[in-house]
Amino acid sequence: MTEMTRPAGAAPEAAVQPYPEVVERVIGRAGKPLGWMWDRGFRFLFVLDALSLFASMVLINLARFGWTWPTYPRSHYWIGFGIATGIHLTVNYFAGLYEREPRLGYRPWLPRVAVATGIAVALDGLAAVLSDRYLMPRLNLGVLLVVASLWLTANRTISRYLANRRNGPSRLLLVGHGEAAELAERHFADANEATVVGAVERTSELFDRVNATDATDVLLLDLSAFESAFPEPLTALDLEGVGVHQRVSARETLLGLQSVREIAGMPFTRMRTHAMASHQLRLKRLFDIVVVVASAPIVLPVVALLALYVRIVAGSPVLFRQTRVGLRGRRFDVVKFRTMVRNAEENGAQFSTTGDPRVVPALRWMRSTRADELPQLWNVLRGEMSLVGPRPERPEMILMIEQDVAGYARRHELPPGITGFAQINGRYETDAAFKLGYDLQYLVNWSIVLDIQILLRTVWVVLSRRV
């Protein structure tokens, strides 16, 4: 197979350089340190938004009170504005407002910014109630919602304009048969957002053609193209920063697609072939820590009583450790209560089954209620697992499954969980291909609300002992 690495420093033949030579030289020299900072999460929009938010609060106060601000000294307002700015930036980050935009079919900024600003303004008010210290006059909060939403949207509109001006239109490679490619090319002929740089019918040539044309985006024109290109080379292209999109026809619409976008009059959806965004992973991690710490006073006594029960019924060892594969293929030792007889796998690794004779009879209820998984809260605290996610599998099992289930490794693009979407919808004996479908559905639709829903439904699974 061809090495799936794009040429270093490759540039389009018609590279766009609209800035004066001095500016281009400065940008070139700053490229390396800026790239290092970008890879570690820094965005210029952080600074621009911070200045815009703080300035908004000051200007609103000046518009209301002039230069003489009531009740408190100026220092009180400066501190309050600073705290409120920090709250807004934090909400913006976890709302994904600092993630890299796709070059094709980006969504309008104002609705997303307005929602994030609304949440932040509500938190400003909550902080005032909890601390008995208003961060700003109360009527200012309503005005801030409007002003900050418009100002932060303007920041992103200008940033998008400058990026498009420097980078030029997207370079689009079409994947599909002749007539479909010709029809798509006619639609893109008058589009300023993208330039069609070629077309390919066989997906086996896709990666080489992307390199040859230096395409920034790939558009799959039918589902057969997707089926032959998944998981490779689509996953590799995504890792290299190439946008992957699927044209949506009337047939695909019947599948219930919700995030359909448009460019040059053509409906399409962006293929999310890679992992969760960095802000989502950090928000998920924060949620895990909060839930585990908050539930510790209840969970710790339960774990102690279960450990004592296992010791009495099955003897030692109480805990069972086993190597599993986690996020990005990293291996770790998962911790569980031992519910099987000693040396249960002396003949090698094997899948557990319903009514498995290796399970200690008095501990069978712990498996059916998933109570044997509770020690894995330690793995969650260590960052090796999450509360919700695909169940971690053993390395030798993964090797067996990957031979039969294409794309199975994509489960490792998010942290493994104590419970998951596949666990509340499937059974122990559910086929691995079906479980993968649940896991990928969870991956592309992840939200805090979904995690909460899965945790609550897990309670029902536990109480009903559904396995």
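Since the structure is predicted, the reported quantities are computational estimates derived from the model, not experimental observations. Positions are given from 1 along the sequence.
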Heavy-atom closest pair, residues [X] and [Y]:
X      : Y      : value
Gly417 : Arg391 : O-NH1, 2.7 Å
Leu97  : Arg112 : CD2-CB, 4.1 Å
Leu319 : Pro375 : CD2-CG, 4.0 Å
Ala114 : Leu145 : O-CD1, 4.1 Å
Leu327 : Pro416 : N-CD, 3.8 Å
Thr117 : Ala148 : CG2-CB, 3.9 Å

Validation row: [X], [Y] side chains within 4.5 angstrom (heavy atoms):
X      : Y      : value
Trp446 : Asp451 : yes
Leu172 : Val197 : no
Tyr93  : Ser278 : yes
Leu414 : Tyr442 : yes
Val318 : Arg338 : no
Ile452 : Leu455 : no
Glu185 : Leu174 : yes
Leu219 : Val244 : no

Between the main-chain N or O of [Y] and the side-chain N or O of [X], is there a donor-acceptor pair closer than 3.5 Å?
X      : Y      : result
Arg330 : Val325 : no
Asn379 : Val335 : yes
Arg324 : Phe332 : no
Arg382 : Leu377 : no
Arg411 : Glu393 : no
Glu413 : Arg328 : no
Ser159 : Asn155 : no
Arg394 : Glu396 : no
Lys284 : Val388 : yes

**Request:** Test Phe337 against Leu363 for side-chain contact (heavy atoms from CB on, under 4.5 Å), laying out the working first.
**Result:** CA-CA 10 Å; Phe337 283 125; Leu363 297 178; over 6 Å; no
**Message:** Test side-chain contact (heavy atoms from CB on, under 4.5 Å) on Ser447 and Leu450; report intermediate values, then the result.
**Reply:** CA-CA 5 Å; Ser447 69; Leu450 181 58; 3.6 Å; yes
**Full working for salt bridge (charged side-chain N to carboxylate O under 4.0 Å, His left out) between Arg156 and Asp49** = CA-CA 9 Å; Arg156 282 151 181 79; Asp49 282 357; 2.5 Å; yes
**Request:** Assess whether side-chain hydrogen bond (donor to acceptor under 3.5 Å, both in side chains) is satisfied between Gln280 and Arg282, documenting all intermediate values.
**Result:** CA-CA 5 Å; Gln280 293 177 315; Arg282 292 189 175 100; over 6 Å; no
**Prompt:** Would Asp372 and Lys336 satisfy salt bridge (charged side-chain N to carboxylate O under 4.0 Å, His left out), going step by step from the backbone distance to the final call?
**Reply:** CA-CA 6 Å; Asp372 61 325; Lys336 303 174 65 174; 3.7 Å; yes
**Request:** Report the C-alpha separation of Asp217 and Arg171 in whole Å, then their side-chain angles, then the decisive distance to 0.1 Å, and conclude whether the salt bridge (charged side-chain N to carboxylate O under 4.0 Å, His left out) test is met.
**Result:** CA-CA 6 Å; Asp217 293 88; Arg171 297 172 59 82; over 6 Å; no
**Request:** Decide yes or no on side-chain contact (heavy atoms from CB on, under 4.5 Å) for Thr339 and Val360, but give the supporting numbers first.
**Result:** CA-CA 6 Å; Thr339 56; Val360 177; over 6 Å; no
**Prompt:** Do you know which of Val210, Asp214, Val242 makes side chain to side chain contact (heavy atoms under 4.5 Å, CB included) with Leu173?
**Reply:** Val210
**Request:** If a pair satisfies ring pair (Phe, Tyr, Trp, His ring centres under 6.0 Å) and one of its residues is in residues 368-394, list it, with sequence neighbours excluded.
**Result:** none
Once you round to the nearest 0.5 Å, how far does [atom1] of [X] lie from [atom2] of [Y]?
X      : Y      : atom1 : atom2 : value
Leu48  : Ile158 : CG    : CD1   : 7.5 Å
Ile401 : Leu436 : CD1   : CG    : 9.5 Å
Gln453 : Thr458 : CD    : OG1   : 11.5 Å
Phe287 : Ile448 : CZ    : CD1   : 5.0 Å
Asp288 : Leu387 : CG    : CG    : 4.0 Å
Tyr309 : Met366 : OH    : CE    : 8.0 Å

**Message:** Run Thr323 and Val334 through side-chain contact (heavy atoms from CB on, under 4.5 Å) and show every step you take.
**Reply:** CA-CA 6 Å; Thr323 300; Val334 72; over 6 Å; no
**Request:** Mind checking ring-ring contact (aromatic ring centres under 6.0 Å, His included) for Tyr438 and listing every partner two or more places apart, or none if nothing turns up?
**Result:** Phe421
**Request:** Count the heavy atoms belonging to other residues, nucleotides or ligands that lie under 6.0 Å from CZ of Arg331, then report whether that count exceeds 12.
**Result:** no
**Prompt:** Any chance CZ of Arg285 has more than 12 other-residue heavy atoms, nucleotides or ligands included, within less than 6.0 Å?
**Reply:** yes
**Asked** Does the distance from a Lys or Arg side-chain N to an Asp or Glu carboxylate O, for Arg367 and Glu373, drop under 4.0 Å?
**Response** no
